[in-house]
Undergrad: 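Sharing a structure with you now.
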Amino acid sequence: MDTHRIAFVASPTEEAQAALAALGKRYGDAPLDQADVIVALGGDGFMLRTLHRHRARGLPVYGMKLGTIGFLMNQHHLDDLPERIASARATVLRPLVMDAITESGSSATALAFNEVSLLRQTKQAAHVRVALNGAVKLDELICDGLLVATPAGSTAYNLSAHGPILPFGSQLLAMTPISPFRPRRWRGAILPSHGEIAIEILDPYKRPVSATADSNEVRDVVEVRIRESREETMTLLFDPEHGLEERILNEQFEL
C-alpha cells in the first residue's frame, strides 16, 4: 500500500501523540480527503469516536492500541505498517439506529456501533414497556436501565451488565436489563437483528430516562426505537492472527 495514502488520527494522550509523531515521520500523514485508510491510535473509546467522526468518508480503519482497553485495536508497532495494513482482514460493522422522542416532542436519531442504553435519570427506577416488531413482550419492566448491544459491543457494557456474548456475524442482538427489579426472573433476551425494538417510558415525568447511542445522549425520552442499519457500515481492519471474531469467541472462556 502507498504509505502516502495513510491518514493518522490519535487520542490526546501523551503516548498516542508520541506514536502519531513517530508514525507520521516514517510513513507520511495524508490528508483525510486523499487517504485510502485511517490509522487510529488510542483505545476502544477513541476508536468509537473515530468511527462516528469519519463515517461519512467510508474509509477502512486500522487501529493500534495506545490506551487502556484495545478490544477493537491491533498491537502497536512502529515497523511494517503498510505490510500489516495490506494483509489485514476486513471486518464490516453494521451499527444500530436509535430513534428517540423526548418529552418536548422533539426527535433525535443517532448510530451505535456498540450499544444503545437507556438509564434512569433520578434516584427512582425506570418503568418501561418493551415491544418487538409491534408486539408487546414486557408490559412493564422496572429497572435501572436497559441496553441493546451488537455482537461487537456485546463484550463491553453488555458483558458488565451480565449480558451474553454474541458471536460476530450471528445476526443477533443482546437485550440486557440493568439491575432489574420486576419481573424478578427476567435476565434479558437474544433477538434477531432484523427486527425493530420499541421501548416506551412509563411515567416519564416522575421517572425520567435518558437514551445513549454509544456516547450520544438524549435526555428525557418517552419512546426509543432501535433497529440495525441497512445502509450504514464501517470497516475495521485486523491483523490476521488477532481477528475480531476470534477475540469475541475467546472472551467466552475468560475467567
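All residue numbers in this chain count up from 1 along the given sequence. Atoms considered below: every heavy atom in the structure, side chains included; atoms not considered: hydrogens, waters and symmetry mates.
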Undergrad: With a 4.5 Å cut-off on side-chain heavy atoms, are Leu111 and Leu51 touching?
TA: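 No, every pair of side-chain atoms sits at 4.5 Å or beyond.
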
Undergrad: Answer yes when Arg84 and Asp79 have at least one side-chain N-carboxylate O distance shorter than 4.0 Å, and no when they do not.
TA: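 No salt bridge links Arg84 with Asp79.
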
Undergrad: Output, in order, the C-alpha distance, side-chain angles, deciding distance and verdict of side-chain contact (heavy atoms from CB on, under 4.5 Å) for Thr102 and Arg219.
TA: CA-CA 7 Å; Thr102 70; Arg219 306 280 288 182; over 6 Å; no

Undergrad: Between Gln75 and Asp239, does a side chain to side chain donor-acceptor pair (under 3.5 Å) hold up when you go through it step by step?
TA: CA-CA 9 Å; Gln75 291 299 313; Asp239 293 330; over 6 Å; no

Undergrad: Check whether any side-chain heavy atom of Ile178 lies under 4.5 Å from a side-chain heavy atom of Cys143, and answer yes or no.
TA: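 Sidechains of Cys143 and Ile178: no contact.
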
Undergrad: Side-chain contact, heavy-atom cut-off 4.5 Å: Leu66 with Phe46?
TA: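 Of all side-chain heavy-atom pairs linking Phe46 with Leu66, none is under 4.5 Å.
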
Undergrad: Below 4.5 Å, heavy atoms only, C-beta onward: do Leu166 and Ile248 meet side chain to side chain?
TA: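 They are not in side-chain contact.
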
Undergrad: In plain terms, say whether Arg182 and Glu140 are close enough for a salt bridge, that is, a side-chain N and a carboxylate O under 4.0 Å apart.
TA: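 Here Arg182 does not pair with Glu140 in a salt bridge, since their nearest N and O are not under 4.0 Å apart.
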
Undergrad: Mind checking whether Lys65 and Asn74 have side chains closer than 4.5 Å, heavy atoms only?
TA: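 Answer no - side chains too far apart.
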
Undergrad: Quick one: do Phe238 and Glu241 satisfy side-chain contact (heavy atoms from CB on, under 4.5 Å)? Show the steps, please.
TA: CA-CA 8 Å; Phe238 291 95; Glu241 65 275 18; over 6 Å; no

Undergrad: Calculate, to the nearest 0.5 Å, the distance between atoms CG and CG belonging to Leu72 and Leu236 respectively.
TA: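 Result: 6.0 Å between the selected atoms.
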
Undergrad: Do Phe168 and Met73 share a hydrophobic cluster, counting only Ile, Leu, Val, Met, Phe, Trp and Tyr and linking them when any side-chain heavy atoms are less than 4.5 Å apart?
TA: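 Per the 4.5 Å side-chain linkage, Phe168 and Met73 are co-clustered.
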
Undergrad: Check Ala16 against Ala10 and note the closest heavy-atom contact, atom names and distance.
TA: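 In terms of heavy atoms, the two residues are closest at O-CB, 3.8 Å.
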
Undergrad: Applying a strict under-4.5 Å side-chain criterion to I, L, V, M, F, W and Y, I'd like to know whether Ile226 and Leu138 cluster together.
TA: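 Same cluster.
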
Undergrad: Please check if Leu202 and Val222 belong to a single hydrophobic cluster, counting links between Ile, Leu, Val, Met, Phe, Trp and Tyr side chain heavy atoms closer than 4.5 Å.
TA: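 Different hydrophobic clusters.
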
Undergrad: If I take atom CG from residue Leu23 and atom NE2 from residue His77, how far apart are they, to the nearest 0.5 angstrom?
TA: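 With rounding to 0.5 Å, CG (Leu23) is 11.5 Å from NE2 (His77).
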
Undergrad: Membership question, hydrophobic clusters at under 4.5 Å side-chain separation (ILVMFWY): are Val130 and Met98 in the same one?
TA: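 Result: yes, single cluster for both.
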
Undergrad: Does Leu93 reach the side chain of Leu244, with side-chain heavy atoms less than 4.5 Å apart?
TA: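 Side chain of Leu93 against side chain of Leu244, heavy atoms only: contact under 4.5 Å found.
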
Undergrad: Can Leu48 be reached from Leu32 by stepping across I, L, V, M, F, W or Y side chains whose heavy atoms are under 4.5 Å apart?
TA: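 Result: yes, single cluster for both.
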
Undergrad: Does a sphere of radius 6.0 Å around CD in Glu251 hold more than 12 heavy atoms from other residues, nucleotides or ligands, not counting ones at 6.0 Å or beyond?
TA: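 It does: Glu251 CD has more than 12 such atoms within range.
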
Undergrad: Below 4.5 Å, heavy atoms only, C-beta onward: do Leu81 and Phe8 meet side chain to side chain?
TA: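 SC-SC contact between Leu81 and Phe8 confirmed.
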
Undergrad: Tell me, with the steps shown, if Leu41 and Val39 meet side-chain contact (heavy atoms from CB on, under 4.5 Å).
TA: CA-CA 7 Å; Leu41 310 173; Val39 172; 3.8 Å; yes

Undergrad: Does the pair Glu115 and Leu96 meet the rule for a side-chain contact (heavy atoms from CB on, under 4.5 Å), with working shown?
TA: CA-CA 7 Å; Glu115 77 276 318; Leu96 299 176; 5.6 Å; no

Undergrad: Hey, is CZ on Arg187 packed in by over 12 heavy atoms from elsewhere, all under 6.0 Å?
TA: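 For Arg187, atom CZ is crowded (more than 12 foreign heavy atoms under 6.0 Å).
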
Undergrad: Show the nearest heavy-atom pair for residues Ile38 and His54, with the distance to one decimal.
TA: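 The answer is CD1-CB, 3.8 Å.
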
Undergrad: Considering only heavy atoms from C-beta outward, does the side chain of Pro164 approach that of Thr176 to under 4.5 Å?
TA: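 Yes, at least one pair of side-chain atoms sits under 4.5 Å.
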
Undergrad: Search all heavy atoms of Pro167 against all heavy atoms of Pro151 and return the closest pair with its distance.
TA: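 For Pro167 and Pro151, the tightest heavy-atom pair comes out as O-CB, 3.7 Å.
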
Undergrad: Ion pair present between Arg225 and Asp99, side-chain N to carboxylate O less than 4.0 angstrom?
TA: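 So Arg225 does not pair with Asp99 through a salt bridge.
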
Undergrad: Could you tell me which non-hydrogen atom of Ser210 sits nearest to which non-hydrogen atom of Glu217, and how far apart they are?
TA: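 Closest approach of Ser210 to Glu217: OG-OE2, 3.3 Å.
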
